[in-house]
Amino acid sequence: MASSLLTKQFIGAPFSSFGSVQLPSKFTSSNFQIPAHRSQHKRLEIQAAGSTYGNYFRITTFGESHGGGVGCIIDGCPPRLPLSESDMQVELDRRRPGQSRITTPRKETDTCKISSGTADGLTTGSPIKVEVPNTDQRGNDYSEMSLAYRPSHADATYDFKYGVRSVQGGGRSSARETIGRVAAGAVAKKILKLYSGTEILAYVSQVHNVVLPEDLVDNQTVTLEQIESNIVRCPNPEYAEKMIAAIDYVRVRGDSVGGVVTCIVRNVPRGLGTPVFDKLEAELAKACMSLPATKGFEFGSGFAGTFMTGSEHNDEFIMDEHDRIRTRTNRSGGIQGGISNGEIINMRIAFKPTSTIARKQQTVSRDKHETELIARGRHDPCVVPRAVPMVEAMVALVLVDQLMAQYAQCMLFPINPALQEPLQLSTTESAEITL
């Protein structure tokens, strides 16, 4: 499911004529040559991609870490959905900086404002614009980083690609860009919960070398309250304390650590996803791996499944007490052949240690000289506690887009009740959902 490709034409003057626009001195006629094959009869086209996700439920994020603000535009949201800023603010508060001593000390309220797409508390079906201002900017903290590249950060690759970048806060490569994702994800989560009773929960299952054993969390019963009961967002109190101690250890030393976020999805409609290129797990992998600092993705049994035989790994089918086809085990992670089977979806996303650290590192300057760098600024010693709502948001965006695709393709005509199930909850079940 590729991002949309936006094309804008500059009509009129050819590339060699910029009117009143002044080029920098280094782009003089002596060292800036227009390719001969670009005739004056052709128009310059700029093709921009990379900030939009989704086909039916489409979001575009905008803004930079130390600019005026950040946000998103949501296109394709169904009309008549009850929606207010408070629906998004709950999720944004989980993502915001300055929550505790193990997160960045940057103080932002991340207060969102819906400026289009709703009327009288309901969505209208038109694009929804959500904005969050930046209020605690310290651009001077990045003066050294304007001259030298932070190791393992996007500083260098942004320059390699664009030849220019926003230095303060890392610009679009900053995790602050995810505000737009989380705001849009809140809308997607509400649609999924209201329409099909789908519930998405993520939690921290590893910090550095502290690994939460899988059998200590019951994915059938784990709750948001258990996850949010501590600052590291681990549902097991004993391991939560160990994880916090691991982050504290590197935090006071100006260093950082990585970790793993586990995400589960309950009450998933059957039939979501498309065979071959747009398999549901492939879409989930793409969405989750688009988050900053991600380095790995596992689904279902993941790499551990490679140590099993087919007879050990296969999920045998059974009939449950409601005469529904189920699987006895769930090593497939709720998806088979790229299509959801109704079981709990589960996945794990690995996050690397934060690259901006307050310790001396060897690097290279923008003018290509080897140098040393001690980065300043305010950064998370471990990104995984704040990554939890980000992962939930991306999973929600995938699932609501797939839900709308399934409805569009396979629900126009009466379903085959012998093989298919309705996507929507019954009226009674829907009324019982607390939003």
Side-chain angles (χ1 to χ4, degrees), residues 1-7 48-62 71-83 87-88 91 114 116-118 122-130 178 180-200 263 265 267-291 334-335 337-340 342 345 391-413 415 420-425 430 435:
M1 209 181 294
S3 299
S4 63
L5 194 63
L6 307 178
T7 302
S51 293
T52 299
Y53 179 80
N55 285 350
Y56 297 87
F57 189 91
R58 180 174 298 183
I59 75 155
T60 300
T61 69
F62 61 84
C72 67
I73 295 175
I74 307 167
D75 201 4
C77 180
R80 302 180 303 281
L81 173 74
L83 185 68
D87 293 314
M88 302 178 184
E91 299 297 330
I114 299 175
S116 69
T118 63
L122 298 175
T123 57
T124 62
S126 60
I128 301 169
K129 184 180 181 183
V130 185
T178 62
R181 305 180 192 222
V182 172
V187 181
K189 289 173 77 171
K190 187 166 189 178
I191 294 170
L192 291 164
K193 190 70 181 289
L194 179 62
Y195 189 84
S196 56
T198 302
E199 185 179 21
I200 302 168
C263 185
V265 190
N267 299 323
V268 184
R270 295 179 175 183
L272 303 189
T274 306
V276 192
F277 297 113
D278 295 334
K279 292 180 178 180
L280 184 53
E281 64 264 56
E283 291 299 314
L284 289 167
K286 174 185 176 179
C288 291
M289 289 296 290
S290 73
L291 287 168
I335 297 175
I339 300 170
S340 62
I345 288 178
V391 169
E392 291 179 359
M394 293 311 300
V395 171
L397 292 172
V398 172
L399 293 180
V400 79
D401 197 48
Q402 294 290 335
L403 177 67
M404 295 171 75
Q406 175 68 3
Y407 192 95
Q409 181 186 15
C410 300
M411 299 293 160
L412 290 180
F413 299 103
I415 64 172
Q420 295 176 288
E421 293 180 349
L423 296 174
Q424 189 175 20
L425 289 171
S430 181
L435 297 173

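Computed from a predicted model, the values in this text were never measured in an experiment. Atoms considered below: every heavy atom in the structure, side chains included; atoms not considered: hydrogens, waters and symmetry mates.
- Residues Leu81 and Cys77 share a closest heavy-atom pair of CD2-SG, 4.1 Å.
- Partner of Phe57 under the side chain to side chain contact (heavy atoms under 4.5 Å, CB included) criterion, out of Val187, Asp75, Val398: Val187 alone.
- Of all non-hydrogen atoms in Pro82 and Lys190, the two that sit nearest each other are O-NZ, 2.8 Å.
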Practice item. Assess whether side chain to side chain contact (heavy atoms under 4.5 Å, CB included) is satisfied between Lys193 and Asn267, documenting all intermediate values. Key: CA-CA 9 Å; Lys193 190 70 181 289; Asn267 299 323; over 6 Å; no
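- In this structure, Pro275 and Ile339 have side chains that are in contact, with non-hydrogen atoms separated by less than 4.5 Å.
- In this structure, the side chains of Leu399 and Ile200 come closer than 4.5 Å at one or more pairs of heavy atoms.
- Atom CG of residue Leu423 and atom CD1 of residue Ile415 lie 8.0 Å apart, to the nearest 0.5 angstrom.
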Check your understanding: What do the steps show when you test Tyr53 against Glu283 for side-chain hydrogen bond (donor to acceptor under 3.5 Å, both in side chains), and what is the final call?
Key -> CA-CA 11 Å; Tyr53 179 80; Glu283 291 299 314; 3.1 Å; yes
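- Taken from CE in Met404 to CE in Met411, the straight-line distance is 14.5 Å, to the nearest 0.5 Å.
- When every heavy atom of Leu122 is checked against every heavy atom of Arg80, the shortest pair comes out as CD2-O, 3.9 Å.
- Side-chain atoms of Val130 and Cys72, non-hydrogen and from C-beta on, do get closer than 4.5 Å to each other.
- Between the CG atom in Leu272 and the CG atom in Leu403 there is a gap of 6.0 Å [rounded to 0.5 Å].
- Counting heavy atoms from C-beta outward, Val265 and Leu192 have side chains that stay 4.5 Å or more apart.
- The backbone N or O of Asn55 lies less than 3.5 Å from a partner atom in the side chain of Asp401, making a donor-acceptor pair.
- Counting all heavy atoms, side chain and backbone alike, Val395 lies closest to Cys288 at CG2-SG, 4.0 Å.
- In this structure, the separation between NZ on Lys189 and CD on Glu91 is 3.5 Å, given to the nearest 0.5 Å.
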Exercise for review: Take Thr123 and Ile74, measure what side chain to side chain contact (heavy atoms under 4.5 Å, CB included) needs, and give me the verdict at the end.
Suggested key: CA-CA 11 Å; Thr123 57; Ile74 307 167; over 6 Å; no
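- Not one N or O on the side chain of Ser51 forms a donor-acceptor pair closer than 3.5 Å with the backbone of Phe62.
- Judged purely by atom type and a 3.5 angstrom limit, Ser340 uses its side chain to pair as donor or acceptor with the backbone of Pro269.
- Listed here is the closest heavy atom pair of Leu280 and Gln402: CD1-CG, 3.8 Å.
- Between the CG atom of Leu194 and the CD atom of Gln424 there is a distance of 8.0 Å, given to the nearest 0.5 Å.
- Of all the heavy atoms in Pro78 and Ile191, the pair that sits closest is CD-CD1, 3.7 Å.
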